[in-house]
**Student:** 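Structure provided below as structure tokens; questions to follow.
Note that this is a predicted model, so its numbers are computed, not measured. Throughout, a chain's letter reflects where its sequence line sits, starting with A, and its residues are numbered from 1. All values below were derived from every heavy atom in this structure, side-chain atoms included, with hydrogens, water molecules and symmetry-related copies excluded.
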Number of protein chains: 2
Amino acid sequence: MAETIRTKGTASPRPLRRHEVAERIKRYIIDNRLRPGDLLPSEGELCEALGASRSSVREAVKTLDALDIVEVRHGHGTYVGRLSMSALVEGLTFRGLLSPDDDFKVLEELVDVREVLERGMAQRILDTLHADHITALEELVDEMEAGLAAGQDVIGIDRRFHALLVEPLRNEIISQFSSACWDVYGIVAPHLHVITKQDELDTVNAHRAVVAAVRAADPLAFDRAVEAHYRPARRRIAAARERNAKAAAQNGS
Amino acid sequence: MAETIRTKGTASPRPLRRHEVAERIKRYIIDNRLRPGDLLPSEGELCEALGASRSSVREAVKTLDALDIVEVRHGHGTYVGRLSMSALVEGLTFRGLLSPDDDFKVLEELVDVREVLERGMAQRILDTLHADHITALEELVDEMEAGLAAGQDVIGIDRRFHALLVEPLRNEIISQFSSACWDVYGIVAPHLHVITKQDELDTVNAHRAVVAAVRAADPLAFDRAVEAHYRPARRRIAAARERNAKAAAQNGS
DNA sequence: ACTTATTTGTTCGTATGTATG
DNA sequence: TCATACATACGAACAAATAAG
């Protein structure tokens with residue numbers, strides 16, 4: 001009944017694996033100089049072109065979709081992906097939600113990463129940041145203060161501030177990685193009840209100090225300001241950890 | 001086993017989508033406190049427990065496999081993954097091989113990232129690095145010099161040096177990210193003929209200067225040494241870019 | 001508003017390759 | 001060698017989303 005397709009005449013030892021299909025799709029994109037957003041052949045065409053079954057092609061496409069190398073739209077087609085770091089965000093988020101021994105390790109590490117990136121770029125930020133950028137940073141701080149007074153959620157502004165701080169470097173990887181760390185923090189922190197609205201006033205002042213250091217083009221002041229900026233976040237994490245430890249002790253006794 | 005997966009008492013209106021299957025597998029891992037390497041239910045059990053077909057479960061598992069959240073071993077079973085940054089490596093590698101406008105942008109950015117990380121951690125590296133670590137660093141430089149004299153490939157030693165430099169921070173994300181950037185560089189650079197064996201002698205001296213600065217616990221010297229260390233890499237990339245531009249001009253005329 | 005064609009999403013049945021005992 | 005359990009792979013059929021006429 002089933003016409004078993006042996007085709008083993010001179011074929012490779014293994015017919016075709018999922019991984020090979022994925023590799024050949026990537027090669028197709030590279031060789032044809034496709035750009036993010038460009039349309040790829042349909043599943044049926046890929047099956048015929050690669051000599052693989054639809055199931056194998058689909059599984060291969062799904063792995064590429066998870067890496068944002070391709071983007072699949074139902075009823076539409078398959079396109080070249082945006083090459084974002086969405087996979088990193090999902091992976092780190094899962095790690096943060098998983099870790100059973102120390103739930104707060106990942107959060108501390110994320111704060112570390114952002115601080116290290118900004119302190120490590122200090123000199124280059126001061127060299128490349130121009131007047132209009134600094135003005136934009138200052139406006140964001142003003143907006144943050146006003147929003148805070150009105151009881152609004154200022155995390156979005158905070159995020160834009162740091163993205164703008166890193167942006168003039170024109171380094172896509174650093175910008176996206178920093179942004180990814182922010183995403184993960186925003187997802188994981190609420191689950192561990194780290195987010196509080198207390199010391200956001202301190203945060204505004206910390207941002208002001210950063211802007212002042214940038215305007216003065218003072219590397220040492222910038223370094224100190226950035227360090228001071230991340231201190232409250234570390235304190236919140238430590239406080240949440242202690243709360244958690246106490247709750248666990250009560251629960252265990 | 002089957003019942004423990006179900007988190008919904010009532011059946012969902014739509015049967016089940018691939019994405020939902022993936023989310024529920026992740027929840028299963030988190031809720032059951034599984035650790036990397038632990039065995040997951042087989043495909044058949046997942047199908048029954050989640051009420052999904054084999055294909056849907058397989059495609060969902062493949063997306064999680066791409067993120068290293070699970071790890072599938074043929075004929076063995078499906079296990080919780082190592083949560084590495086393999087997805088980031090694959091994504092960045094593809095981006096580096098793709099970029100048509102400026103092939104060398106990604107390489108420059110990768111060098112930037114590594115330099116920014118090490119310079120940003122300068123103070124903390126000096127604070128936490130102990131005598132035995134410094135000795136190990138020095139031995140690696142000696143080994144590098146000896147290997148270079150024997151005409152061996154010292155890139156592995158170079159890699160270990162920087163991993164050791166970052167290691168005492170005990171920050172998994174930074175260590176893995178730095179390592180991932182190194183991986184990508186090692187894959188992409190040969191494709192663009194950036195790797196040369198010329199100025200490896202300079203590299204050895206640059207490493208010696210870094211070690212000396214660490215031993216002296218001198219932040220400023222450390223900063224200068226790290227910057228000097230990455231300078232040859234930037235020069236190689238710029239040289240390769242010029243070569244490429246000339247070749248393109250000849251080809252186009 | 002309706003139909004039709006195209007494309008991806010989902011499911012089932014079957015056969016094959018791989019590792020364990 | 002055989003049996004078992006697992007993932008891998010193929011192919012066919014139908015459902016759902018989208019676009020164009």
**Student:** Taking only residues two or more places apart in sequence or in another chain, which ones pass salt bridge (charged side-chain N to carboxylate O under 4.0 Å, His left out) with B:Arg241?
**Tutor:** B:Asp102, B:Glu108

**Student:** Measuring from the side chain of B:Ser55 (C-beta onward, heavy atoms only), which nucleotide among C:dT11, D:dC10, C:dT10 has the closest atom?
**Tutor:** C:dT11

**Student:** Partners of A:Glu115 by salt bridge (charged side-chain N to carboxylate O under 4.0 Å, His left out), sequence neighbours excluded?
**Tutor:** A:Arg119, A:Arg234

**Student:** Would you tell me if any nitrogen or oxygen in the side chain of B:Arg18 comes within less than 4.0 Å of OP1 or OP2 on C:dT10?
**Tutor:** yes

**Student:** For DNA chain D, which residues in residues 61-72 of chain B have a heavy atom at a distance below 4.0 Å?
**Tutor:** B:Lys62, B:Val72

**Student:** Going by the rule side chain to side chain contact (heavy atoms under 4.5 Å, CB included), which residues pair with A:His133 if we only count those two or more places apart in sequence or in a different chain?
**Tutor:** A:Leu129, A:His130, A:Leu164, A:Glu167, A:Pro168

**Student:** Do A:Ser56 and D:dC10 have a side chain to base donor-acceptor pair shorter than 3.5 Å?
**Tutor:** no

**Student:** Output all residues satisfying side chain to side chain donor-acceptor pair (under 3.5 Å) with B:Glu139, sequence neighbours left out; order by chain, then residue number.
**Tutor:** none

**Student:** With hydrogens left out and only the distance checked, is there a donor-acceptor pair under 3.5 Å joining A:Arg54's side chain and the base of C:dG9?
**Tutor:** yes

**Student:** Is the shortest side-chain N/O distance from A:Arg58 to OP1 or OP2 of C:dG9 below 4.0 Å?
**Tutor:** yes

**Student:** Do the side chains of B:Glu90 and A:Lys26 get close enough for a salt bridge, i.e. N-O under 4.0 angstrom?
**Tutor:** yes

**Student:** What pairs of nitrogen or oxygen atoms, one from the protein and one from nucleotides 18-21 of chain D, lie under 3.5 Å apart?
**Tutor:**
from	atom 1	to	atom 2	distance (Å)
D:dT18	O3'	A:His76	NE2	3.2
D:dA19	OP1	A:His76	NE2	3.0

**Student:** Starting at the 5' end of DNA chain D and moving along, which residue's nearest nucleotide shows up first, A:Val57 or B:Gly44?
**Tutor:** B:Gly44

**Student:** Write down the distance between CZ (A:Arg17) and C1' (C:dG17), rounded to a whole number of angstrom.
**Tutor:** 12 Å

**Student:** To the nearest Å, give me how far apart CD (A:Glu48) and P (C:dT6) are.
**Tutor:** 15 Å

**Student:** Send over the distance from B:Tyr79 OH to C:dA19 C1', rounded to a whole Å.
**Tutor:** 10 Å

**Student:** What is the distance, rounded to the nearest whole Å, between atom CG of A:Leu46 and atom P of D:dG11?
**Tutor:** 15 Å

**Student:** Output all residues satisfying salt bridge (charged side-chain N to carboxylate O under 4.0 Å, His left out) with A:Glu143, sequence neighbours left out; order by chain, then residue number.
**Tutor:** A:Arg160

**Student:** Have a look at the helix from C:dC2-D:dG21 to C:dG21-D:dC2 and give the angle its two end axes make, five pairs each, rounded to 10 degrees.
**Tutor:** 10°

**Student:** Rounded off to whole Å, could you give me the CD-to-C1' distance for the B:Glu59 and C:dT11 pair?
**Tutor:** 11 Å

**Student:** Choosing from C:dT11, C:dT7, D:dT8, which nucleotide comes nearest the side chain of A:Ser42?
**Tutor:** C:dT7

**Student:** Whether B:Arg24 and B:Asp31 form a salt bridge (side-chain N of Lys/Arg under 4.0 Å from carboxylate O of Asp/Glu) is what I want to check.
**Tutor:** no

**Student:** Excluding sequence neighbours, so at least two apart, what forms side chain to side chain donor-acceptor pair (under 3.5 Å) with A:His76?
**Tutor:** A:Tyr79

**Student:** In chain order, what residues pass the salt bridge (charged side-chain N to carboxylate O under 4.0 Å, His left out) check against B:Asp142, with sequence neighbours excluded?
**Tutor:** B:Arg208

**Student:** In whole angstroms, how far is the C1' atom of D:dA9 from the NE2 atom of A:His19?
**Tutor:** 17 Å

**Student:** With B:Asp158, which residues qualify under side chain to side chain donor-acceptor pair (under 3.5 Å), at least two apart?
**Tutor:** B:His162, B:His207

**Student:** Do NZ/NE/NH1/NH2 and the carboxylate oxygens of A:Arg17 and A:Glu20 come within less than 4.0 Å?
**Tutor:** yes

**Student:** Using atom CD of B:Glu43 as one end and atom P of C:dA15 as the other, report the distance to the nearest whole Å.
**Tutor:** 18 Å

**Student:** Return the set of residues passing side chain to side chain donor-acceptor pair (under 3.5 Å) with B:Glu71 (not counting sequence neighbours), or none when no residue passes.
**Tutor:** none

